[in-house]
Amino acid sequence: MDIFKEIGPLKEFLKDKKSKNKTIGLIPTMGALHEGHLALVNSSKMENDVTVSTIFINPTQFNNSVDLDKYPRTFDADIEKLKASGCDAVFCPKAEEVYPDKPVLSLDFGSLATDMEGKFRPGHFSGVGLIVSKLFNIVNPDRAYFGQKDLQQFFIIQRLVIDLSFDIELRCEPIVRESSGLAMSSRNMRLSQSGKSDASMIYKSLRRAEDAIRREVKFAEIKKELSRFLDQNGVHLEYFELVDAERMAIINDYSSSSKLALCIAAFVEEVRLIDNLIISLD
Ligand code: AMP
């Protein structure tokens, strides 16, 4: 596996592959890799000749400097995991390589970014849009792989591709979970064993909410009950929303849409976790 810290040599590598008509798959990550990331690598390997992962903790998408400082960093283990997964190249630049100057551009995704992650992490999606645009421009992949775990982010990136005419196919891959149901996340490394067990209640509560939706219980009641259940289990809700999964818009009543998503953000041991569940009502 080739490891690139600078843009120039990475571009040379890619130019050579493209001149041989090889297709390129891109997996952007912030490192602290787990099975969820490796599933994206695997999907890319099935569809492309060359798979490129990136490891870059993007400062512009963090609105909280403590969160940025505490973000897990496991570079050597990440490289071993990528090698073992058959990834062809990894791009792991320093911040100065990606942002030689403090960027002045900000991206406004309108109503897609006003709720949930956009509401509670101001500026987050502008930073995501910026780094993903940079990586798309640097790598110019045929396909790029993202996880459903960050569902709102996927909609933002879809919009980015449309609005900036990137000629890139996007893939949204299913959420990989621990056997307890807990969605794999780099942030789980910051949880104690009992914190992990509490955090597994997030998925359990999403499944309980799904059952209640299928029984046509009012969403306001479901929300109240879910918040109470999680609180009792050491999980403190930041938001829990019912979303029309075709438009990524918050709704209050599930009768108007047949593809729904339940989206949640919560704190366990001061670690912020997100998860979601897509529900088809047909
Ligand atoms: P991150 O390193 O957290 O920025 O994540 C990089 C990519 O991996 C994003 O597209 C995430 O949505 C995806 N991802 C993170 N966790 C999971 C998971 N548990 N299952 C599938 N994809 C994931």
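In what follows, residues are counted from 1 in the order of the sequence shown. Atoms within a ligand are numbered from 1 in the order they appear, just like the ligands themselves.
Which parts of ligand 1 touch Met184 is read off a 4.0 Å heavy-atom cut-off, strictly below it: atoms 16 (N), 17 (C), 18 (C), 19 (N). Shown in contact with Phe146 at under 4.0 Å from a heavy atom are these atoms of ligand 1, numbered in order with element: 10 (O). The distance from ligand 1 to the heavy atoms of Gly36 drops below 4.0 Å at these ligand atoms: 18 (C), 20 (N), 21 (C), 22 (N).
Ligand 1 has at least one atom lying under 4.0 Å from a heavy atom of His34.
Tested against Asn276 for a side chain to side chain contact (heavy atoms under 4.5 Å, CB included), the candidates Gln148, Met116, Gln152, Glu241 yield a single pass: Gln148. Residue Ile27 is tested with Ser53, Ser85, Pro141 for a side chain to side chain contact (heavy atoms under 4.5 Å, CB included); the sole match is Ser53.
Judged by distance alone, the side chains of Ser192 and Glu269 do bring a donor and an acceptor atom under 3.5 Å apart. Using modelled atom types, one finds a donor on one side chain and an acceptor on the other under 3.5 Å when comparing Thr51 with Ser44.
The side-chain tip of Arg208 points at the ring of Phe229 from less than 6.0 angstrom away and within 45° of straight on.
Comment: Glu97 does not engage Lys94 in a salt bridge, judged by the lack of any side-chain N to carboxylate O separation of less than 4.0 angstrom. For Glu47 and Arg171, the salt-bridge test passes: some basic side-chain N is under 4.0 Å from an acidic carboxylate O. A salt bridge does not link Glu246 to Lys259: none of the charged side-chain nitrogens sits closer than 4.0 Å to a carboxylate oxygen. A salt bridge links Asp67 and Arg121; the closest N-O separation between the charged side-chain nitrogens and carboxylate oxygens is under 4.0 Å. With salt bridges taken as basic N to acidic carboxylate O contacts below 4.0 Å, one links Glu80 and Lys83.
Ligand 1 has a nitrogen or oxygen under 3.5 angstrom from a nitrogen or oxygen of Met30. Ligand 1 has no N or O atom lying under 3.5 Å from any N or O atom of Thr29, backbone or side chain. For ligand 1, the polar-atom distance check finds an N/O of Gly147 within less than 3.5 Å of one of the ligand's N/O atoms.
Scanning the protein for heavy atoms near atom 21 (C) of ligand 1, the closest one is Pro174 O, 3.4 Å. At the shortest separation from atom 12 (O) of ligand 1 among protein heavy atoms lies Asp150 OD2, 2.6 Å. Closest to atom 20 (N) of ligand 1, if we only count protein heavy atoms, is Val176 N, 2.9 Å.
For Pro28, every heavy-atom contact with ligand 1 shorter than 4.0 Å involves the backbone, none the side chain. Looking at His37 against ligand 1, only its side chain comes within 4.0 Å, counting heavy atoms. Residue contacts with ligand 1, taken as heavy atom pairs separated by less than 4.0 Å, involve Leu40 solely via side-chain atoms from C-beta onward. Neither the backbone nor the side chain of Glu173 has any atom closer than 4.0 Å to an atom of ligand 1 (non-hydrogen atoms only). Counting heavy atoms under 4.0 Å from ligand 1, residue Tyr71 touches it through the side chain alone. With a heavy-atom cut-off of 4.0 Å, Ala39 does not touch ligand 1 at all.
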